[in-house]
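Step one of this worksheet: look at the structure below.
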Amino acid sequence: MAEREIEKTRNLALIAHSGAGKTTLVEAILFNAGTINRMGTIEDGNTVTDFDPEEIDRQHTISSAVAYCDWNDYRINLIDTPGFINFIEDAKGCIRVSDAVLAVVSATTGMRAETEKGWQFATDFGLPGIVFVNDMDKDNADFAGVVKEVETSFGIDAIPLIVPIGAGENFSSVIDILNMKAYKTTGKKPEEIDIPADMKDTANEYRKKLVEKVAEADDNLIEKYLEGEELTTEEITKGINDGACCRNFVPVCCGSASKNIAIPHLIDAIILSTPSPIAINKKNPIKGKNPKDGSDVERTSALDSPFSAYIFKTIADPFAGKLSLFRVFSGELKADSNYYNSTKETKERVGQIFYMLGKKQVSAHSMIPGDIGVVAKLKESVTGDTLCDESNHIILEQAVFAEPLISYAIEPKSKGDEDKVSVGLHKILDEDPTLQFHRDEESNEMIISGMGQVHVEISLQKLKRKFGVEVEMHSPKIPYRETITKATKAQGKYKKQSGGRGQYGDCWITLEPLPKGGGFEFVDKIVGGAIPRSYIPAVEKGIVEKMKTGLIAGYPAIDMRVTLFDGSYHTVDSSEMAFKIAGSMAIKKAAQSAAPVLLEPVVKAEITIPEDNLGAVIGDLNSKRGKVQGVDTAGNNQKIEVLVPMSEMLTYANQLQSLTSGRGTYHMEFSHYEEAPHSIAQKIIEERKKEESEE
């Protein structure tokens, strides 16, 4: 019984660009399966899987949500993932726990970058997929055109199983290519009709393509096909499942989610052409590592296999506490039981467990391989952790998320709320592995980093809604540096009489530049006791402290050598404090005649883009004072290596998205410092002086 239940489970992550209709399709599937009584809409803000206030307000999916339905004894788990480019990484963690993807492509707008990225995630995990061409009821719907786009974008043959009869406002019927029957499909119960005469040749062509593709994968079937024998429905059915699961082709269906047209046919196709946990396990073994010795470990999708589950998402709920969404990969998870977090090497108590239907929780006593559920208030476990039997350790393969692309400095609107900001954001970080937060030691600013401006803004909206803290955001301060370009010498003399014991310190220094990366050197060349040995460290301390606060614009000074070669002292009035001040005065005076310059940080960026965008992107980089180091082919894309001033890259995530329609990706790291152009340096120095005068 348990094995049959596992065989009758399907796990799919829905992928698409924002607006293609993923969330509406989930509504239609749940409605046709009888899970919900009426379909909600994005416009009304009452769908099952888009329930966060930020999602309702913006009318697109921001955070993945799970729902399920039962169809002819099959359990279908659906994960509605974000389609907006700033949140696409959230889809990766969900695809990690799926057995297939359901790509939703609009018949009017066609393929977009976000869908391609989702498909690439599936490819990386070795998962098959199925395509649903949505919006066939809209004007300018082009089913055949989308099928060609799918083949071009995914690099795989697209084989229609369900094809439309007509398009636009006249669309209400489809042809089932497997059974060669036509259906009027407005509603839960399709009504069989005759295949229109003008569609018979088209249907036969699709049927021929399907049979050929199925036969290609099986030596016995191809021989039978070439000898002119008809393949049976059972042979074709098995061939569809085998071929789709092995990614020999991707099945394609069509319909209208918003009008609830052809949804039952899609659900049947999902069951037919996507794998069960057992089937995908045979193709992709459940692999992990033994945390004790690092050896490889495998599990099977069976009840008698040692238990293992992967936490793929965390939700910070201010009322229910931390919610951990998980997928059971092997064995059985029982409520009110103790398990082991092998990632953290700690025990966890699992209390009540639930299936998720959007934000609704449905209680369960136990869960088997393939089940997706949620548990509240795990003490140590976070996204990416593995739960397992304490006697059979395994750490399952983790999804690796991209590094944040854009950073902003934030400060609370109300003074004294710094701790609240920190506590709240760290809880939000638990549910979003692509978000980072830290305090910059140099500027003392709180810095939040994300995948784009919208990503950061929505995270801060959550901070306000969940934890009652409002913040303002602005560009972070650039960590400029200062240095000198020629050698000079100067005297620093501090003399003060204030009645009684005075203060006296006198030193002569030579200041000279060092090569890039030379740091700071202090050379003691005092001879003959011009300055007592006990005061020399104080001179160095005064110089170092002045370097930290800058010589021309308040930024730390680097790459210079200071040589202390002469000075004088007073037997009564000299002190460490006096010589510290004298050292500070000496380097400040010397810097004025040492041709000081401002250095700006330069980053090394690696940008991957479609070839069609190469000219536009390089032109934009040139306008940012970028220096292209090389361009290489990377699959179907071009990879640019470039050095660019950090100040020019603060909002590059937004610009690259615009230049490439969301298809470009990049990462960057600090490379070196180099002299800023005079005009830019002067502007920065003036702005810095203005800030200091206002403080």
Side-chain angles (χ1 to χ4, degrees), residues 441-444 477 479-515 518-599 673 675 681-682 684-695:
E441 292 184 0
E442 182 175 321
S443 66
N444 203 35
K477 294 177 181 177
Y480 293 104
R481 294 289 184 265
E482 301 173 12
T483 193
I484 57 168
T485 56
K486 71 176 186 179
T488 186
K489 64 180 181 179
Q491 178 188 26
K493 188 172 184 178
Y494 179 65
K495 184 177 181 181
K496 185 178 181 181
Q497 292 295 139
S498 56
R501 182 178 176 179
Q503 293 286 345
Y504 183 89
D506 176 28
C507 63
W508 279 87
I509 64 168
T510 298
L511 182 62
E512 54 189 321
L514 290 176
F520 169 69
E521 291 183 16
F522 179 79
V523 181
D524 173 14
K525 285 192 175 181
I526 293 295
V527 294
I531 299 175
R533 309 308 304 173
S534 60
Y535 294 147
I536 291 175
V539 175
E540 181 180 4
K541 187 175 182 181
I543 291 170
V544 169
E545 288 186 359
K546 182 58 185 174
M547 288 176 63
K548 287 180 180 179
T549 59
L551 306 174
I552 53 175
Y555 295 101
I558 59 173
D559 298 341
M560 58 183 66
R561 178 189 294 121
V562 174
T563 302
L564 177 63
F565 67 90
D566 200 1
S568 62
Y569 71 101
H570 191 280
T571 55
V572 176
D573 292 346
S574 288
S575 66
E576 289 186 5
M577 178 60 71
F579 273 98
K580 177 182 173 184
I581 296 173
S584 176
M585 294 170 64
I587 192 170
K588 182 178 180 180
K589 186 176 180 181
Q592 293 173 0
S593 55
V597 295
L598 191 71
L599 301 176
Y673 278 94
E675 185 176 342
Q682 285 301 114
I684 294 167
I685 292 170
E686 290 172 5
E687 289 177 351
R688 186 73 173 204
K689 288 180 178 178
K690 183 179 178 181
E691 289 176 6
E692 291 176 350
S693 65
E694 292 175 350
E695 290 178 354

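Two residues are said to be in side-chain contact when any heavy atoms from C-beta on lie closer than 4.5 Å; Pro513 and Thr485 fail this criterion. Looking at heavy atoms from C-beta onward, Cys507 lies in side-chain contact with Leu564 at the 4.5 angstrom threshold. Leu551 places none of its side-chain heavy atoms less than 4.5 Å from the side chain of Lys588. Two residues are said to be in side-chain contact when any heavy atoms from C-beta on lie closer than 4.5 Å; Tyr555 and Glu482 meet this criterion. Put simply, the side chain of Glu576 does not reach to within 4.5 Å of the side chain of Pro537, judged on heavy atoms. For the pair Lys525/Val523, a side-chain contact is recorded, criterion being any heavy-atom separation below 4.5 Å from C-beta on. Counting heavy atoms from C-beta outward, Arg533 and Ile536 have side chains that approach closer than 4.5 Å. For the pair Tyr480/Leu598, a side-chain contact is recorded, criterion being any heavy-atom separation below 4.5 Å from C-beta on.
Among residue pairs with one or both ends in residues 573-594, those qualifying as ring-ring contact (aromatic ring centres under 6.0 Å, His included) are Tyr535-Phe579; sequence neighbours excluded.
Contact detail for Ser593 and Thr488: the closest heavy-atom pair is OG-OG1, 2.9 Å. Thr483 and Asp559 make their closest contact through OG1-O, 3.4 Å (heavy atoms, listed as atom of the first residue, atom of the second, distance). A pairwise comparison of heavy atoms in Leu514 and Gly519 identifies CD1-O, 4.0 Å as the closest pair. Here the shortest heavy-atom pairing between Ala591 and Pro596 reads O-CD, 3.1 Å. Closest of all the heavy-atom pairs between Gln503 and Ala578 is OE1-CB, 3.5 Å. Considering all non-hydrogen atoms of both residues, Lys546 and Ser584 come closest at CB-OG, 3.7 Å.
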Give the C-alpha distance, both sets of side-chain angles, the deciding distance and a yes or no for side-chain contact (heavy atoms from CB on, under 4.5 Å) between Thr563 and Glu512. CA-CA 9 Å; Thr563 302; Glu512 54 189 321; 4.0 Å; yes

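Within a 6.0 Å sphere centred on CD of Glu442, heavy atoms belonging to other residues, nucleotides or ligands number more than 12.
Legend: residues meeting salt bridge (Lys or Arg N to Asp or Glu O under 4.0 Å) with Glu540, ordered by chain and number and at least two apart, are absent. In this structure, Phe522 has no ring pair (Phe, Tyr, Trp, His ring centres under 6.0 Å) partners at least two apart in sequence or on a different chain. For Glu545, the side chain to side chain donor-acceptor pair (under 3.5 Å) test picks out Lys580, with sequence neighbours left out. For Ser568, the side-chain contact (heavy atoms from CB on, under 4.5 Å) criterion is met by Tyr504, Asp506, not counting sequence neighbours. Scanning for side-chain contact (heavy atoms from CB on, under 4.5 Å) contacts around Met547 gives Phe520, Ile543, Ala557, Met560, Ile587, with sequence neighbours left out.
Note that CD of Gln682 and CD of Glu687 are 11.5 Å apart. Values are rounded to the nearest 0.5 Å. Separating the CZ atom in Phe565 from the CD1 atom in Ile509 is a distance of 8.5 Å, to the nearest 0.5 Å.
Here the side chain of Arg561 pairs no donor or acceptor atom with the backbone of Leu511 at under 3.5 angstrom. Ser574 places no side-chain N or O within donor-acceptor distance of the main-chain N or O of Thr571, the cut-off being under 3.5 Å.
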